[in-house]
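Quick note on labels: first sequence line is chain A, next is B, and so on, each numbered from 1. Values below: every heavy atom of this structure, side chains too, minus hydrogens, waters and symmetry copies.
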Amino acid sequence: MNVFSLMKDRVVEVIQSAVEDGALPSGLKTDAVTAEAPRDAAHGDVSTNAALVLAKQAGMKPRGIAEILASRLLNVDEVDAAEVAGPGFINLRLGASVWHGVVKEVLKTGIAFGDNAAGQQEPINVEYVSANPTGPLHVGHARGAVFGDVLAALLSKSGYAVTKEYYINDAGSQVDSLARALHLRYLVALGKKSDNDFAAAAEAGDVEYAGGYLKDAAVKLVDADGDKWADAHEDEWMEPVRTFAIKAMMQMIREDLAALGIGQDLETSERSLVESGRIETAISDLERQGLVYTGVLEPPKGKKPDDWEARPQLLFKSTEFGDDIDRPFKKSDGTWTYFASDVAYHRDKFDRGFSQMIDVWGADHGGYVKRMQAAVKALSNGEGALDIKLCQLVKIFDKGEPVRMSKRSGTFVTLRDLIDAVGKDVVRFIMLTRRNDAPLDFDYAKATEKSRENPVFYVQYAHARINSVFRHAAEAFKDLDLTDPGLTHADLSLCSDDAELAIMRTVSAWPRIVESAAQAHEPHRLAFYLNDLAAELHALWNRGNENAELRFLLPDEPGRSRARLALVRSVALVIASGLHVFGVQPVEEMR
RNA sequence: GGACCCGUAGCUCAACUGGAUAGAGCACUCGCCUUCUAAGCGAGAUGUUGCAGGUUCAAGUCCUGCCGGGUCCA
């Protein structure tokens with residue numbers, strides 16, 4: 001149950017009844033009415049802006065409407081008090097039984113608490129990682145990978161039918177370069193060339209992918225095909241070696257992702273789109289709509305690139321959909337641009353039934369957003385929605401010192417390095433402690449530090465503490481039923497301390513956090529919520545230090561102990577629910 | 001030159017897509033272990049939300065123009 005959506009429904013019902021009684025004029029639109037948790041606890045449990053929203057429509061003063069609604073809201077079961085405040089807010093205070101009901105619901109539903117049906121099982125496609133199949137994943141990919149994976153889990157929890165997808169860019173010139181690099185490694189593996197030859201070629205810039213990771217693939221190629229391609233011409237070996245290389249790289253990438261706990265539902269190959277003629281289909285479809293023409297683009301403003309020359313090319317009228325200039329579908333050599341195949345790919349997704357799509361990209365692709373969204377509007381007749389989430393850079397630090405990374409010297413930090421250094425769960429959690437559109441500093445030392453400053457530790461510690469209480473409770477109260485179903489019979493009215501009621505309210509907010517984070521496509525909100533919930537738990541725990549009456553376990557008071565166990569157990573379950581969305585294992589004990 | 005993202009306490013960041021007196025952590029000062037893990041907690045101070053306008057009951061949030069940082073530009 002989401003207390004806030006429940007109360008919003010109640011407010012709307014009250015407005016309707018007031019309209020029926022003639023207390024308010026008819027024809028009021030209640031779309032903008034909200035029921036939210038006020039920032040300031042002094043403003044009650046739930047606050048509604050109803051009177052402010054209705055004032056203009058009704059031609060009445062906000063506070064006047066608020067008075068009418070407030071007196072009627074007092075008759076609602078859940079409401080203990082309703083008062084008009086400020087410009088016309090109505091602050092509602094709910095009865096304790098509402099919060100008790102939520103705690104019991106958490107005990108019954110477990111980590112499924114917070115699940116909601118907002119998505120109505122609508123299909124939604126989340127495409128993420130989609131790194132070129134030319135090498136291992138690095139830290140830059142890690143952020144998008146975790147972000148996409150957790151966003152997908154969050155959308156599932158919110159009732160969407162999610163498909164997690166990887167787009168393999170296996171058709172561009174970069175995979176030809178990959179094949180050439182592998183072929184040279186292959187010749188080395190066969191003993192036809194030396195490591196020095198390879199190094200010299202790399203030095204001369206003849207090999208684009210000089211990282212050592214192709215050595216294994218070269219050995220496997222020898223195992224598979226022997227010296228078959230040693231003396232062959234490139235025209236002969238290019239296709240088979242390229243296919244082999246892409247397969248090997250994708251295998252490596254899948255293993256990297258698996259180490260991060262990520263397994264996607266579907267991989268779509270760019271090459272297969274090209275070969276099946278779907279680019280032509282998509283483009284000619286746009287042509288029929290009059291959105292494709294041959295024209296000449298203006299030169300880029302300001303500094304002119306040296307090699308710029310005006311020439312006619314095949315263009316998409318993306319300006320009709322809010323883009324700044326029209327975008328080319330074909331390169332000067334007559335082949336399709338990346339944009340053209342991306343258009344075909346998104347058309348393919350739409351045809352597969354996804355009118356809702358999310359792409360997770362690195363921020364360096366920001367310039368690509370408008371044209372892609374323009375294309376999706378065009379190819380779906382306005383029915384498709386594409387949200388593009390840009391993940392900003394991750395900078396790696398160690399004890400505050402930046403870790404130098406350079407692609408050229410091959411010293412960039414791989415995803416594996418990161419996982420080996422701090423563990424999968426820490427990587428996943430830290431990646432979500434910042435909004436996707438803000439840069440993220442990842443400090444090895446801080447990520448594994450056991451302190452308040454490390455959110456992973458802090459949240460896990462709260463969970464472990466609760467488990468510790470239960471270990472002791474099992475000793476102290478041998479005849480109490482401490483299972484979740486057993487705890488639902490606890491008398492929660494015995495939890496009457498303000499701090500206890502406050503943490504019940506925070507627990508009750510979880511469904512709202514899930515729903516709003518899913519709607520906004522912002523999984524980081526869960527991390528901040530979990531941190532807040534953990535802080536409340538730690539605070540509550542420590543109050544037992546100062547006042548023994550507030551300890552969770554009171555040997556002489558099994559009833560009250562059971563109520564407090566029910567309460568903290570609900571906290572543990574909500575933490576576990578959040579960590580489950582994050583793909584992080586809650587720990588039972590700190591070591 | 002243009003486009004996109006960002007600009008909030010000394011530092012690192014939140015702020016429920018427009019809500020009430022903008023919140024946390026760090027750092028600083030002081031206090032809390034005979035106790036369910038002190039790996040923690042409490043108390044204190046900190047603001048012209050980059051600047052200037054605009055939209056409305058209400059703007060950190062939306063619009064326009066500047067300033068500064070980042071990313072990108074057949």
### Task
On the 0 to 90° scale, with breaks at 30° and 60°, tag the A/F329-A/W336 ring pair as parallel, tilted or perpendicular.
perpendicular
#### Entry: Donor-acceptor pair between A/D359 and A/H346 side chains, under 3.5 angstrom
yes
### Task
To the nearest 0.5 Å, tell me how far A/R569 CZ sits from A/D484 CG.
4.0 Å
### Gap between atom CE of A/M504 and atom CG of A/L492 - 0.5 Å precision
5.5 Å
### Query
Looking at A/D437 and A/R435, does any basic side-chain N land under 4.0 Å from a carboxylate oxygen?
yes
### Task
Kindly indicate, with the supporting measurements, whether the criterion ring-ring contact (aromatic ring centres under 6.0 Å, His included) is fulfilled by A/H472 and A/F552.
CA-CA 10 Å; A/H472 284 86; A/F552 300 144; over 10 Å; no
### Message
To check you understand the geometry: which heavy-atom pair defines the closest contact between A/V587 and A/N467, and what is its length?
### Response
O-ND2, 4.3 Å
### Summary
Residue pair A/R327/A/P439 against RNA chain B: nearer the 5' end by closest nucleotide is A/P439
### Task
Tell me what A/R543 touches on the nucleic acid: a base, only sugar-phosphate, or nothing, going by heavy atoms under 4.0 Å.
nothing
### Query
Do NZ/NE/NH1/NH2 and the carboxylate oxygens of A/R543 and A/D497 come within less than 4.0 Å?
yes
### Message
I'd like to check A/T335 versus A/K331 (side-chain heavy atoms, cut-off strictly below 4.5 Å). Are they in contact?
### Response
yes
### Message
Using the P atom as the point on both nucleotides, what is the distance between B/A45 and B/G10, in whole Å?
### Response
16 Å
### Distance, C1' atom - from B/C41 to B/G60, rounded to whole angstrom
31 Å
### Task
Verify the contact: side-chain N or O of A/K370 to OP1 or OP2 of B/A3, cut-off strictly under 4.0 Å; return yes or no.
no
### Task
Can you check each nucleotide of nucleotides 16-31 of chain B against protein heavy atoms at under 4.0 Å and return B for base, S for sugar-phosphate only, - for none, in 5' to 3' order?
BB-BB----SS-----
#### Entry: Protein-nucleotide distance (A/M60, atom CE; B/C57, atom P), rounded to Å
17 Å
### Task
Return the value, rounded to whole Å, for the distance between atom CG of A/L297 and atom P of B/G2.
18 Å
### Task
For B/A43 and B/A24, measure between their C1' atoms and round to the nearest Å.
16 Å
### Query
To the nearest Å, how far apart are A/K395 NZ and B/G69 C1'?
10 Å
### Task
Work out which heavy atom in A/A32 is nearest to a heavy atom in A/N49; give both atom names and the distance.
O-ND2, 3.3 Å
### Query
CG of A/D441 versus P of B/C11: gap in Å, rounded?
14 Å
### Proximity to the side chain of A/V469 - top-ranked nucleotide from B/A74, B/C36, B/C72
B/C36
### Task
Using the C1' atom as the reference point in each nucleotide, state the distance between B/C67 and B/A52 in Å, no decimals.
11 Å
### Query
When you match A/L393 and A/R465 each to their closest nucleotide on RNA chain B, which lands nearer the 5' end?
A/R465
### Message
Using whole Å, what does the distance between atom C1' of nucleotide B/C5 and atom CZ of A/F147 come to?
### Response
14 Å
### Message
Need one value for A/N545: base, sugar-phosphate or nothing, where a base atom within 4.0 Å counts as base even if backbone is also close, heavy atoms only.
### Response
base
### Query
Hey, does the side chain of A/K331 come within less than 4.0 Å of B/A74's phosphate (OP1/OP2), counting only N and O?
no
### Query
When you compare B/A22 with B/U64, how far apart are their C1' atoms, in angstrom units rounded to a whole number?
25 Å
### Message
Would you say A/W541 places a side-chain N or O within less than 4.0 Å of OP1 or OP2 belonging to B/U35?
### Response
no
### Query
Contact class for A/H524 vs. all strands (heavy atom < 4.0 Å): base, sugar-phosphate, or nothing?
sugar-phosphate
### Task
Look at all strands and tell whether A/Y458 reaches a base, only sugar-phosphate, or nothing, counting heavy atoms closer than 4.0 Å.
sugar-phosphate
#### Entry: Aromatic ring proximity, centroids under 6.0 angstrom, A/F429 and A/F582
yes
### Query
Rounded to the Å, how far apart are A/F552 CZ and B/C41 P?
13 Å
### Dot-bracket encoding of pairs in RNA chain B, which uses [ ] for pseudoknotted crossings and | for another strand, Watson-Crick or G-U under 3.5 angstrom
(((((((..((((.....[...)))).(((((.......))))).....(((((..]....)))))))))))).
### Residue A/Q313, side-chain atoms from C-beta onward, closest of B/A74, B/C41, B/A38
B/A74
### Interatomic distance at P, B/G25 relative to B/U35, whole Å
27 Å
### Query
Can you tell me how far P in B/C63 sits from the matching atom in B/C5, rounded to whole Å?
9 Å
### Task
Could you measure between the two C1' atoms, the one in B/A20 and the one in B/U56, and give it in whole Å?
16 Å
#### Entry: Options B/C4, B/U56, B/A14, nucleotide nearest the side-chain atoms of A/R435
B/A14
### Message
Could you check B/C33 for me: syn (within 90° of 0) or anti?
### Response
syn
### Query
Is any side-chain heavy atom of A/V102 closer than 4.5 Å to a side-chain heavy atom of A/F113?
yes
### Message
Base, sugar-phosphate or nothing for A/F528? Non-hydrogen atoms, less than 4.0 Å.
### Response
sugar-phosphate
### Task
Nearest whole angstrom, please: distance from the P of B/C36 to the CG of A/L554.
13 Å
#### Entry: Base B/G42 to side chain A/N542, donor-acceptor N/O within 3.5 Å cut-off
no
### Task
Please state how far atom CZ in A/R143 lies from atom C1' in B/C5, giving the value in whole angstrom units.
12 Å
